[in-house]
Number of protein chains: 2
Amino acid sequence: MPRPTLADVARAAGVHPGTASRALNPDLRGRIAEETTKRVREAAERLGYVVDSVGRSLRTGRSRTIGVLVPDLTNPAFPGMIRGIEDELRVHDYAALLANTDNEVEREAELVATLKARQCDGFIIASAMRDDPVVRELVTAGDKVVLINRLLDDTTASAVVSDDQSGIAAAVHHLHGLGHNAIGHIAGPRDLSITRTRRVAYAQSMKALGLRGYVVLAEAYTAPAGHDAALRLLKRSRVTAIVAGNDMLAVGCFKAIEQLGLSCPEDISVVGFNDMPLAAHLRPALTTVRMPQYDMGVQAARLVMKADLSPETVVLPTELVVRASTGHVE
Amino acid sequence: MPRPTLADVARAAGVHPGTASRALNPDLRGRIAEETTKRVREAAERLGYVVDSVGRSLRTGRSRTIGVLVPDLTNPAFPGMIRGIEDELRVHDYAALLANTDNEVEREAELVATLKARQCDGFIIASAMRDDPVVRELVTAGDKVVLINRLLDDTTASAVVSDDQSGIAAAVHHLHGLGHNAIGHIAGPRDLSITRTRRVAYAQSMKALGLRGYVVLAEAYTAPAGHDAALRLLKRSRVTAIVAGNDMLAVGCFKAIEQLGLSCPEDISVVGFNDMPLAAHLRPALTTVRMPQYDMGVQAARLVMKADLSPETVVLPTELVVRASTGHVE
DNA sequence: TTGAAAGCGCTAACAC
DNA sequence: GTGTTAGCGCTTTCAA
């Protein structure tokens, strides 16, 4: 036998389908006779009835589905956030449709189109650039959009970010406290908001300490790009410490340091950003700024489920996690 | 103005909605007048029409949506597979609904129920145990189920797995070729099929070489569990090499080796399994059996989209990737 | 408090 | 080759 429909339940309970629908709707508790509700509930239970959300969506125009766009799920920064998103959505009977953009705007646009076709009630986007045409279009079309780990230059969309400013400041002060004065920074690609936030925070922290900064740009937030950037930084300057734009860049630093016959933390200290799952298991264990990935996901989910559209930015605290990749300057 | 419907397009093109539907359906190419097709296509383009998949699903009874269940997205073994799944699904206009089970059967059952409510056309499950009641129920209910990186004891469901047998054999032979005779194995939890496959492969390979085996069980496929198991193994036996059940267990081995004042690979060689993203960046870089995660995802997606239900098992080749964590016995 | 009926957007069976 | 019609499962307005 196929899945029972509401009509089946209604028949079994001896009521009209409309009544059955109401009896199963918790919001209408009190407006339906106790006795009827009970009969319907029992019939539903007995038949193993589960509401067909396709029929419901067609009728209500809402799907309880959120489109989630990440650049690349393989990047260790994202799984934590997605878990947070998914767990929180599910509590409210929402589901997540996942898609990878590979940081390609065209692909992102295409994905958004197919997600819209699926009547997503909103979007959580972790792949937005500082000026993202796709996001802009969604916002002007009146769709619910929440950015995560990203901001737009004009803050027209809601967003959840970590307090990178404080995180970077903590990293710089930590290094300075260990006796480092020549501290470099490896920044990520320019078109991402986190790159700018972190670089500015680095520059300000250095300035506040009366120190000169050394900044090198990496082409992507990946280990190879970090490796390349670290080689440039170490050849060009005499830094004794590096604040990497994220953990993957820090991994690239480790490689560069080794390749130059130096060692970490004896010769060069390194601080990462994110506290990705394996950060504690690297050698040396990576000192890094922890971003509350799971909580960011939870908050993003809450924002996207909220009724009103007024843009709102949530900033969650970061925390410096000191491990073995930073040490006293020799 | 709200999103245009098919009726809007039909009106704009001066045809009946039914005709518009056919004109936009690529399968009916040739059965519709060239001229009509063109007019409808243009109107759709002009209005920015995108099919409403909710309406379509309700009518066709299929949603072009696949439920994807993983134990925990945070585990680095899964993102690669999920990318493969998602990419392949999207080529065929399917989408993936993602959910984490945390290896809890109850949660898994609950998730399956809500995914069924959303009319998923099929399920890809990476969290199944060797004897999984939830999977069994899906199969008997006639739902399309494909397991990935898992098998049932009775092979009543389709599955995509890697050739762990060959992979483990390659690992053992590699170690033996380096002069190791005392080779231990850290196996994962008993209720997963991969645990058994790998342990049996290990035992057979050792036996074929005339060597005695040393097996220790880890409570989970995690670094702490690997750490604990490695300590037990190293205290109980005089092994000079360890074949870990997966990369996370190998990471735990590293920690245990260090803790005992030994070093890898000088004192103890370690081989992992999976070749997770950061395996090459660990110190020492991890020698491991590469599992074709992305391809496994692709194959799983293809199987789940196939029309017929007859269970089918796809085995993809593994490859030993030799890095720095294995060396000649001293 | 419940029944009746309409209709969300789409496609497929049938008629011409 | 195209128009017509019905109906997928659900919720909600309107009546009673």
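Chain letters run A, B, ... following the sequence lines, proteins first, then strands; residues in each count from 1.
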* For Ser57(B), which contact category applies under a 4.0 Å heavy-atom criterion: base, sugar-phosphate, or nothing? -> nothing
* Please give, in whole Å, the distance from dC8(C) P to Asp8(B) CG? -> 11 Å
Could I get a table of every N or O pair under 3.5 Å where one atom is in the protein and the other is in nucleotides 9-13 of chain C?
from	atom 1	to	atom 2	distance (Å)
dG9(C)	N2	Gly55(B)	O	3.0
dC10(C)	OP1	Tyr49(B)	OH	2.5
dC10(C)	OP1	Asp52(B)	N	3.2
dC10(C)	OP2	Leu6(B)	N	2.5
dT11(C)	OP1	Arg56(B)	NE	2.8
dT11(C)	OP1	Arg56(B)	NH2	3.1
dT11(C)	OP2	Ser21(B)	OG	2.8
dT11(C)	O2	Arg59(B)	NH1	2.3
dA12(C)	O4'	Arg59(B)	NH2	3.1
dA13(C)	N6	Arg22(B)	NH1	3.1

* **Backbone N/O of Asp153(B) and side chain of Arg130(B): donor-acceptor pair under 3.5 Å** => no
* Asked: Rounding to a whole Å, what distance do you find between Arg64(A):CZ and dC10(D):C1'?
  -> 14 Å
* **Evaluation steps, side-chain contact (heavy atoms from CB on, under 4.5 Å), between Glu137(A) and Val112(A)** => CA-CA 10 Å; Glu137(A) 202 175 308; Val112(A) 165; over 6 Å; no
* Asked: Do Gln119(A) and Asp52(B) meet the criterion of a side-chain donor-acceptor pair at a distance under 3.5 Å?
  -> yes
* To do: Send over the distance from Ile32(A) CD1 to dT2(C) P, rounded to a whole Å.
  => 6 Å
* **Contacts of type side chain to side chain donor-acceptor pair (under 3.5 Å), residue Ser158(B), not counting sequence neighbours** => none
* **Donor-acceptor side-chain pairing of Thr195(B) and Tyr221(B) below 3.5 angstrom** => yes
* Asked: Just how far, in rounded Å, is P of dC10(D) from CG of Leu28(A)?
  -> 16 Å
* Asked: Among side-chain atoms of Thr114(A) and Arg90(B), is any donor-acceptor pair under 3.5 angstrom?
  -> no
